[in-house]
Every structure is written in C-alpha cells, then in structure tokens.
Amino acid sequence: MSDQSALPNVNANWVNAKGAWAIHVICIIGLKLLFDVIPGVSQETSWTLVNIVYMFSSYLMFHYVRGVPFEFNAGAYDNLNMWEQIDNGDQYTPAKKFLLSVPIVLFLLSTHYTHYDLTYFTINFLAVLGVVIPKLPSVSDQNELSSRTSANQIMQSHRMRVNLFSGDPEDR
C-alpha cells in the first residue's frame, strides 16, 4: 500500500465538499465589486483585473505550490501540486471539470464586457492560457516515477511535465 492511500488527503478533498464550488463564484463577484468601487477604474479594466487576479491566484493555489501544509502524511504528497492531488490525480472528475470551466467562463465574460478590445482580449487570453494549459491531462504532471508504485502505473508515465512559471520542485 502506498503512502498516498494510507490516509485521506484533507488538502485536496475540500474541493468536493458542499460550498467549495460556490466560493469561486463568490470570490469573482467580490473581486468585481472591489474593483468597481475604486475611482477611475473603467468597466473594461475592472473585468480585466478580476480576470487577472482570479487566474493568478488559481495558478498559485492549484499549480505552483507543491505538497501539503499539514504534517500528517509523512511527505506522501510533497512533490504533487494541488491539481495533481485532487481526486487522486484522476482527470475529468466533476470537480476538475468545474475548476477547468470557471477560468474559461470568466475569460468569456471579461472578453464580452471589454467589448472585444484587442488589448484587453490579449491580456485576458494570456491569463486564461496560463491557467488552463496546466490543467489539461496531456501536460498535467503525475510526478513521473517518484509517486508511481506499480509497474502498470510506471508504464503510464508518458505525460510530459510543463512548468510555466517555475523550475523543478527540487529547486524551490
């Protein structure tokens, strides 16, 4: 039995809890209200700022930080980011579908409310790419050989590793 299956991963299990999905919508609405009350900020800039802040925080939370902030699992998840920990790394679960769709919907909203301006579109598009690409199964890191325990799983380690804004986990 592997270390990862010995104890539940409370670091990633919260995404399937009641209200976990609603917090994303609440944060987006809160960010929009916050940027709307700042004097001199246009609606276009407000939507772009909401998009950038949400995308940056989403990337930071789900793809940049590795490991678990709790010391209950003897380092079983130290080399995995939260996206890889959610639903034990399975792709296309309801939680991962939702977390993939939120940035896309936010991008579409921000593009619409910026009236398809090329500058805002480019900024919003680059932000959504930086969050959506690491979520795709072909680039999702399954930690190559270190977290694999059976020969069958080792044979499935064909996924390439992509770190857009960071180096190897050992360097951090």
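By convention here, the first residue in the shown sequence is residue 1.
Minimum heavy-atom separation, Trp47 to Ser110: O-CB, 3.9 Å. Closest approach of Tyr113 to Glu44, counting heavy atoms only: O-CG, 3.9 Å. Contact between Lys97 and Tyr92 at its shortest, heavy atoms only, is CE-O, 3.3 Å. When all heavy atoms of Leu129 and Pro134 are compared, the closest pair comes out as O-CD, 4.0 Å.
A 4.5 Å side-chain heavy-atom check between His63 and Met82 finds every atom pair outside the cut-off. For the pair Val128 and Asn124, the minimum side-chain heavy-atom distance is 4.5 Å or more. Within the 4.5 Å cutoff, the side chain of Tyr120 has no heavy atoms near those of the His115 side chain. At least one side-chain heavy atom of Phe62 sits less than 4.5 Å from a side-chain heavy atom of Ile86. Residues Val102 and Ile28 have side chains in contact (heavy-atom distance under 4.5 Å, counting atoms from C-beta outward). The shortest side-chain heavy-atom distance between Lys135 and Val131 falls under the 4.5 Å cut-off.
Under the 3.5 Å distance criterion, the side-chain polar atoms of Ser58 are left unmatched by any main-chain donor or acceptor of Tyr54. Asn88 places no side-chain N or O within donor-acceptor distance of the main-chain N or O of Asp90, the cut-off being under 3.5 Å. Put simply, the side chain of Trp21 gets close to the backbone of Val15: a donor and an acceptor are under 3.5 Å apart. For the pair Gln43 (side chain) and Thr114 (backbone), a donor-acceptor distance under 3.5 Å is absent.
The hydrophobic cluster containing Ile133 also contains Met55, counting ILVMFWY residues as joined when their side-chain heavy atoms lie under 4.5 angstrom apart, directly or transitively. The cluster map of Ile, Leu, Val, Met, Phe, Trp and Tyr, joined by side-chain heavy atoms under 4.5 Å apart, puts Val105 and Val53 in the same cluster. Neither Phe107 nor Ile52 shares a network with the other; the hydrophobic side chains, linked directly or stepwise wherever heavy atoms of I, L, V, M, F, W or Y lie under 4.5 Å apart, form separate groups for each.
Looking at Leu33, Leu34, Leu109, Leu31 one by one, the single match for side chain to side chain contact (heavy atoms under 4.5 Å, CB included) with Val50 turns out to be Leu31.
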- Query: Yes or no on side chain to side chain contact (heavy atoms under 4.5 Å, CB included) for Tyr64 and Asn81, after CA distance, side-chain angles and deciding distance?
  - Reply: CA-CA 7 Å; Tyr64 184 75; Asn81 59 37; over 6 Å; no

- Query: Could you go step by step and tell me if Trp83 and Leu99 meet the side chain to side chain contact (heavy atoms under 4.5 Å, CB included) rule?
  - Reply: CA-CA 10 Å; Trp83 185 257; Leu99 292 171; 3.7 Å; yes

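Scored by the salt bridge (Lys or Arg N to Asp or Glu O under 4.0 Å) test, Asp36 finds Lys32 as partners (sequence neighbours excluded).
For the residue pair Asn13 and Asp87, no side-chain donor N or O sits within less than 3.5 Å of a side-chain acceptor on the partner. A side-chain donor-acceptor contact under 3.5 Å links Thr45 and Ser42.
In this pair, Phe98 and His24 present their aromatic rings perpendicular. The plane angle is above 60°, beyond the 30 to 60° band. The aromatic rings of Phe121 and Phe125 sit parallel to each other, their planes meeting at less than 30°, with 60° as the upper class boundary.
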